[in-house]
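One structure is given here, and the rest of the page talks about it.
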Amino acid sequence: MTDQEELRRRVADFLAVHDPRSTPAMGWLQARYDAGLAWVHFPVGHGGLGLPRSLQGEVDELFAAAGGPDNRPRVNMIGLGMAAPTILAFGTEAQKKRFLRPLWTGEEIWCQLFSEPGAGSDLAALGTRAVRDGDEWVVNGQKVWTSGAQNAQWAILVARTDPDRRKHAGITYFLCPMSEPGIEVRPLRQITGEAEFNEVFLTDVRISDEWRLGEQGNGWRIANTTLNNERVAIGGRPVPREDGMIGIVARNWREHPERRTPDLHHQLMELWVEAEVARLTSIRLAQKLAAGQEPGPEGSAMKLTFARISQALSGLELELNGADGLRYGDWTMTRPEEVHFLSKDAGHRYLRAKGNSIEGGTSEILKNVVAERVLGLPAEPRFDKDLPWKELQR
Ligand SMILES: Cc1cc2nc3c(=O)[nH]c(=O)nc-3n(C[C@H](O)[C@H](O)[C@H](O)COP(=O)(O)OP(=O)(O)OC[C@H]3O[C@@H](n4cnc5c(N)ncnc54)[C@H](O)[C@@H]3O)c2cc1C
């Protein structure tokens with residue numbers, strides 16, 4: 001029996017015992033995890049069966065067709081897309097046991113405490129300090145742009161533990177409980193009117209050494225695993241042809257012949273081709289991941305392309321809508337549980353797309369990554385990389 005046939009049999013056996021119509025959603029998700037049918041490429045005992053990642057899509061489809069509940073992937077994007085692969089790669093067995101199951105089921109939502117007011121593109125300059133105190137670390141500092149911190153129970157956190165070492169070497173990675181005293185989450189309002197993200201202040205926050213991920217001082221390497229996975233999660237998701245923004249704009253074009261002009265037609269044709277090339281490239285990237293390879297700089301290239309096309313398409317949609325394109329639905333401040341990239345109106349899509357070239361690494365920084373690591377061009381001059389962090393001008 002092939003892996004695929006064996007998996008189909010396991011799904012059928014699981015559904016015969018756990019009928020989604022009569023099992024409470026959380027119990028059903030926990031049982032699915034325990035059966036190794038959560039993410040089949042994860043190891044046995046951690047929600048998987050150690051099978052190729054390429055088999056996951058069919059498992060998800062079979063469960064969805066049977067009416068199985070989902071694990072809130074849009075609310076827990078950071079947990080599923082970034083924290084989980086990082087914990088899998090660098091966590092101890094005890095950490096994997098503690099965190100992966102409630103993360104996958106959606107019982108625990110995660111956020112990302114990386115960026116700071118003085119450390120965004122230059123994340124390695126971060127200044128949030130973690131000082132060892134017995135079996136705990138005491139953390140002080142400020143993070144910013146933290147998406148979903150208002151909903152999160154846990155955070156992936158990078159903090160400075162060795163200020164005497166050079167900036168990339170003195171960082172340690174922690175799993176931080178968001179309920180700890182000393183964590184204050186304040187909303188930041190965006191151009192859309194919503195407050196998806198936050199400032200997070202950490203004052204004498206105590207984190208057990210048990211929740212340190214990897215070795216002290218190895219945080220930069222671990223953070224790069226997180227960031228590579230983030231770029232793939234944002235830009236590298238394979239979609240059907242004419243899905244997403246291009247689908248919305250193409251539909252608008254077909255349904256409203258009165259809005260067409262030669263110039264808009266030209267723009268649409270160009271963007272349609274670019275969106276299709278990007279889609280085919282994302283399939284190649286997905287095949288690479290399915291073959292068990294780590295996401296590398298290709299994820300940066302995909303994310304760069306995604307940001308450019310999505311901004312151009314959302315602008316074209318406003319043009320197509322003529323004077324109506326200038327209206328904006330509702331600017332009341334809301335605290336959305338999940339990020340709406342596409343599901344709201346044209347005005348919201350246009351404004352939200354502005355963040356696409358900033359979140360997960362700005363387009364300028366991703367161009368540097370592609371230039372240096374894909375094209376092999378000379379590196380940007382970096383004068384501070386060998387200086388102790390405490391001597392850097394900040
Ligand atoms: C919607 C959204 C959600 C986000 N969610 C999170 C989150 O959950 N957690 C988190 O930690 N962060 C989050 N971020 C933060 C994001 O990662 C940072 O905004 C981003 O890394 C840029 O950092 P910065 O804002 O400090 O800009 P800066 O680094 O100050 O950059 C300012 C400008 O200078 C340019 N620049 C900087 N350095 C260079 C260089 N070397 N070469 C060329 N140009 C350069 C940049 O491209 C940019 O245009 C989010 C951001 C957005 C927009």
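Numbering starts at 1 and runs along the sequence shown. Read the numbers this way: they start at 1 and go in the same order the structure lists the ligands and their atoms.
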- prompt: Taking N or O atoms only and a 3.5 Å limit, does R352 qualify as a polar contact for ligand 1?
  reply: no
- request: Decide whether an N or O pair under 3.5 Å exists between E364 and ligand 1.
  value: yes
statement: atom 15 (C) of ligand 1 sits nearest the protein heavy atom S115 OG, 3.3 Å
message: Under a 4.0 angstrom heavy-atom cut-off, which atoms of ligand 1 come close to I365?
response: 38 (N), 39 (C), 40 (C), 41 (N)
query: So, D243 and R279, do they make that salt bridge, N to O below 4.0 Å?
result: no
task: Considering heavy atoms of the protein only, find what lies nearest to atom 21 (O) of ligand 1 and give residue, atom and distance to 0.1 Å.
output: G120 C, 3.7 Å
query: So which bit of N368 gets within less than 4.0 Å of ligand 1, heavy atoms only: side chain, backbone, both or neither?
result: side chain
task: Output yes when a protein non-hydrogen atom is found under 4.0 Å of atom 23 (O) of ligand 1, and no otherwise.
output: yes
- prompt: Can you find an N/O atom of E359 closer than 3.5 Å to an N/O atom of ligand 1?
  reply: no
- line: Between F174 and R212, the two heavy atoms sitting closest are CD2-CA, 3.9 Å
task: State yes or no: are the ring centers of H46 and W104 separated by less than 6.0 Å?
output: no
field: Protein heavy atom under 4.0 Å of atom 32 (C) of ligand 1
entry: no
message: Do the side chains of E180 and R206 get close enough for a salt bridge, i.e. N-O under 4.0 angstrom?
response: no
query: In the protein, which heavy atom is nearest to atom 3 (C) of ligand 1, and how far is it?
result: S147 OG, 3.3 Å
- prompt: Counting only heavy atoms on the protein side, is anything nearer than 4.0 Å to atom 35 (C) of ligand 1?
  reply: no
statement: The protein heavy atom nearest to atom 20 (C) of ligand 1 is I358 O, 3.6 Å
message: Give me the nearest non-hydrogen protein atom to atom 14 (N) of ligand 1 as residue plus atom name, then the distance to 0.1 Å.
response: W145 CB, 3.4 Å
- prompt: Between H18 and F14, is the ring centre distance below 6.0 Å?
  reply: yes
query: Can you list the ligand 1 atoms lying under 4.0 Å from a non-hydrogen atom of E380?
result: 40 (C), 41 (N), 42 (N)
- line: Test ring pair (Phe, Tyr, Trp, His ring centres under 6.0 Å), reference W211, set Y173, F99, W137, output is F99
- prompt: What's the verdict on side-chain hydrogen bond (donor to acceptor under 3.5 Å, both in side chains) for N76 and N71, showing C-alpha distance, side-chain angles and the deciding distance?
  reply: CA-CA 8 Å; N76 204 13; N71 57 349; over 6 Å; no
Atom 9 (N) of ligand 1: nearest protein contact (heavy atom, Å): Q112 O, 2.8 Å
message: Using side-chain contact (heavy atoms from CB on, under 4.5 Å), reason through E359 and N356 one step at a time and then give a plain yes or no.
response: CA-CA 6 Å; E359 59 199 320; N356 293 159; 2.9 Å; yes
message: Closer than 4.0 Å to some heavy atom of F114 - which atoms of ligand 1 meet that?
response: 11 (O)
- prompt: Which of the numbered atoms in ligand 1 are below 4.0 angstrom from a heavy atom of T146?
  reply: 7 (C), 8 (O)
field: NZ/NE/NH1/NH2 to OD/OE distance under 4.0 Å, R352 and D345
entry: no
query: Among protein heavy atoms, which lies nearest atom 28 (P) of ligand 1, and at what distance?
result: S121 OG, 3.7 Å
message: Quick check on side chain to side chain contact (heavy atoms under 4.5 Å, CB included): which of Q153, R72, Q30 does E107 satisfy it with?
response: Q30
query: Can a cation-pi geometry be assigned to R186 and F201, taking NZ or CZ under 6.0 Å from the six-membered ring centre and within 45° of the ring axis?
result: yes
message: Please check this pair: side chain of E5 against backbone of T2, looking for a donor-acceptor N/O pair closer than 3.5 Å.
response: yes
field: Per-atom contacts of ligand 1 with T362, taking only distances under 4.0 Å to non-hydrogen atoms
entry: 22 (C), 46 (C), 47 (O)
